[in-house]
Structure formats: structure tokens, C-alpha cells
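The next block holds one structure in the form of C-alpha cells; read it before the comments.
Remember, predicted model here, so these are calculated numbers, not experimental data. Count residues from 1 along the sequence.
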Amino acid sequence: MIQILCNSVEGDELIHEWSGGHASYSVEETNRKIAQIRGQAMGATLCTTFESRNPGGCDGCAFRGKISSPAQLGTHVVSAPAPTVRMNGADSMPVMVTLPAPPEGFTRGEPKTPGKFDGGIYVEQDGVTHLIYEFDCFPVELAYDEQLGYETMRWRHWLPNEGWKGVS
């Protein structure tokens, strides 16, 4: 549980509160364990880990098979305003374009790094927030491919070392 709470807002306080009832609890030992987990950059505990340590313990979970970690249930994405980016216009001259809002149900996350497009694109389904892509992206063209017999889509997406790229 410490691995989940180490990745949470107010996690340290909850770790101490929840651990306080244990017979061998000490502030120092608990802080040492927190530091150990953070020092190893361990992510939140996975559902598969809980299941392997306590078979059947997740049997009644409404989110079983829908999430990979209980930490996903507490995910809150701060929605970012639409950024303005520099792109080449029809005459290859640079123009400033405000990116379109993500489709209904999707959220553009607040950038982690100022001036970058690393906030990610998220969708919420059945009370669970899922990261779709860790950088910004948006569709630029929808077309019917007669040879393939189905619709295709071209996207622009941000790559941290390369900037904006197009992909089909």
C-alpha cells in the first residue's frame, strides 16, 4: 500500500495514519520505507501484485480487469487550455494555430514542463481515467481509403526531442 500512497497527494500523511495501528510502527522506520520506495523510483503497486500476494482478494472488485493498479482510481487530470502552436500554412509560411479541443470525453492534461506539450491526452471510462498518449496529439484529416476499404486518419503529435510530427 505504501507504493500506491507514495504516488499520491497527501500520501505520506495517510501512510503514517494507516501504519500507526501496527504494533511495531515507528515514524523513523516508516519514513525510511517511504524514502526507500521513492529512491528506487518504484511506481504504484499493480493489481497483479496484490492478486499474487493474496489470491482471491480482488474477486469482488468492480474494476477488476479494467485497471492495472488501484492508483488509477484516484487519478485526477487538470485540464489544460488549448495551446497555440506554430505550423506551416498552405503557402509554407509559418502561422500560429490554436489546437482544437479534444473530442467529448477526452481531456488534454496540463503540461508537466512549461512550453512543452507533455500533459498527455486522457479519457475517462466507467470511472477510470486512462492515459491515451503521453504527449499532445490531434487529428488533422479523416479520409476513406478505397484501396483498404475503410477510413483512415492522419494525426499530428508532439515528440519531446523532435517537436510536432505528422503520422498516418
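In this structure, the salt bridge (charged side-chain N to carboxylate O under 4.0 Å, His left out) partners of D12, at least two apart in sequence or on a different chain, are R38. Residues satisfying the side chain to side chain donor-acceptor pair (under 3.5 Å) criterion with Q3, sequence neighbours excluded, are absent altogether. For S79, the side-chain contact (heavy atoms from CB on, under 4.5 Å) partners at least two apart in sequence or on another chain are T107. Contacts of K66 classified as side-chain contact (heavy atoms from CB on, under 4.5 Å), with partners at least two apart in sequence or in another chain: D126. With sequence neighbours left out, the salt bridge (charged side-chain N to carboxylate O under 4.0 Å, His left out) criterion links E110 to no other residue. Listed by chain and residue number, Y122, E134 satisfy the side-chain contact (heavy atoms from CB on, under 4.5 Å) test with L131 (two or more places apart in sequence, or in another chain). Looking at residues two or more places apart in sequence or on another chain, you find a side-chain contact (heavy atoms from CB on, under 4.5 Å) between E10 and E13.
Side-chain contact between W18 and L5 is present, with heavy atoms from C-beta onward closer than 4.5 Å. Within the 4.5 Å cutoff, the side chain of M1 has no heavy atoms near those of the T45 side chain. Looking at Q125 and H130, their side chains come closer than 4.5 Å, going by heavy atoms from C-beta outward. Taking the side chain as every heavy atom from C-beta outward, I15 and C6 approach each other to under 4.5 Å. Put simply, the side chain of T129 does not reach to within 4.5 Å of the side chain of Q72, judged on heavy atoms.
Note that the OG atom of S68 and the CG atom of L46 stand 6.0 Å from one another [nearest 0.5 Å]. H157 NE2 to D136 CG: the interatomic distance, rounded to the nearest 0.5 Å, is 11.5 Å. Atom OG of S19 is separated from atom CD1 of I2 by 5.0 Å, given to the nearest 0.5 angstrom. Atom CZ in R108 sits 5.0 Å away from atom CG in L99 (nearest 0.5 Å).
A continuous path of hydrophobic side-chain contacts links W155 to L142 [ILVMFWY only; heavy atoms under 4.5 Å]. Side-chain heavy atoms closer than 4.5 Å link hydrophobic residues (I, L, V, M, F, W, Y) into clusters, and following such links, possibly through other members, connects L14 to I4.
Under the 4.5 angstrom side-chain criterion for Ile, Leu, Val, Met, Phe, Trp and Tyr, the cluster partners of L148 are Y150. Listed by chain and number, the hydrophobic cluster partners of I67 are F63, L73, V128, where partners are ILVMFWY side chains within reach of under 4.5 Å, directly or through others.
Sorted by first and then second residue, the salt bridge (charged side-chain N to carboxylate O under 4.0 Å, His left out) pairs with a member in residues 111-125 form an empty list; sequence neighbours excluded.
More than 12 heavy atoms of other shown residues, nucleotides or ligands fall within 6.0 angstrom of atom CD in Q40.
The two residues G109 and A80 make their nearest non-hydrogen contact at O-CB, 3.5 Å. For F117 against P83, the heavy-atom pair with the smallest separation is CE2-CB, 3.6 Å. Here the closest heavy-atom approach between residue W158 and residue Y133 is recorded as O-OH, 3.7 Å.
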Do any side-chain atoms of residues 49-62 form donor-acceptor pairs under 3.5 angstrom with protein atoms, and if so which ones, sequence neighbours left out?
residue : atom : partner : partner atom : Å
E51     : OE2  : G56     : N            : 2.9
S52     : OG   : T48     : O            : 3.4
S52     : OG   : T49     : O            : 2.9
D59     : OD1  : R64     : NH1          : 2.6

Contacts table for residues 20-30: side-chain donor-acceptor under 3.5 angstrom, sequence neighbours left out:
residue : atom : partner : partner atom : Å
H22     : ND1  : S24     : N            : 3.1
H22     : ND1  : S24     : OG           : 3.0
Y25     : OH   : H16     : ND1          : 2.7
S26     : OG   : E29     : N            : 3.0
E29     : OE1  : R32     : NE           : 3.1
E29     : OE2  : R32     : NE           : 3.3
E29     : OE2  : R32     : NH2          : 2.6
T30     : OG1  : S26     : O            : 2.9

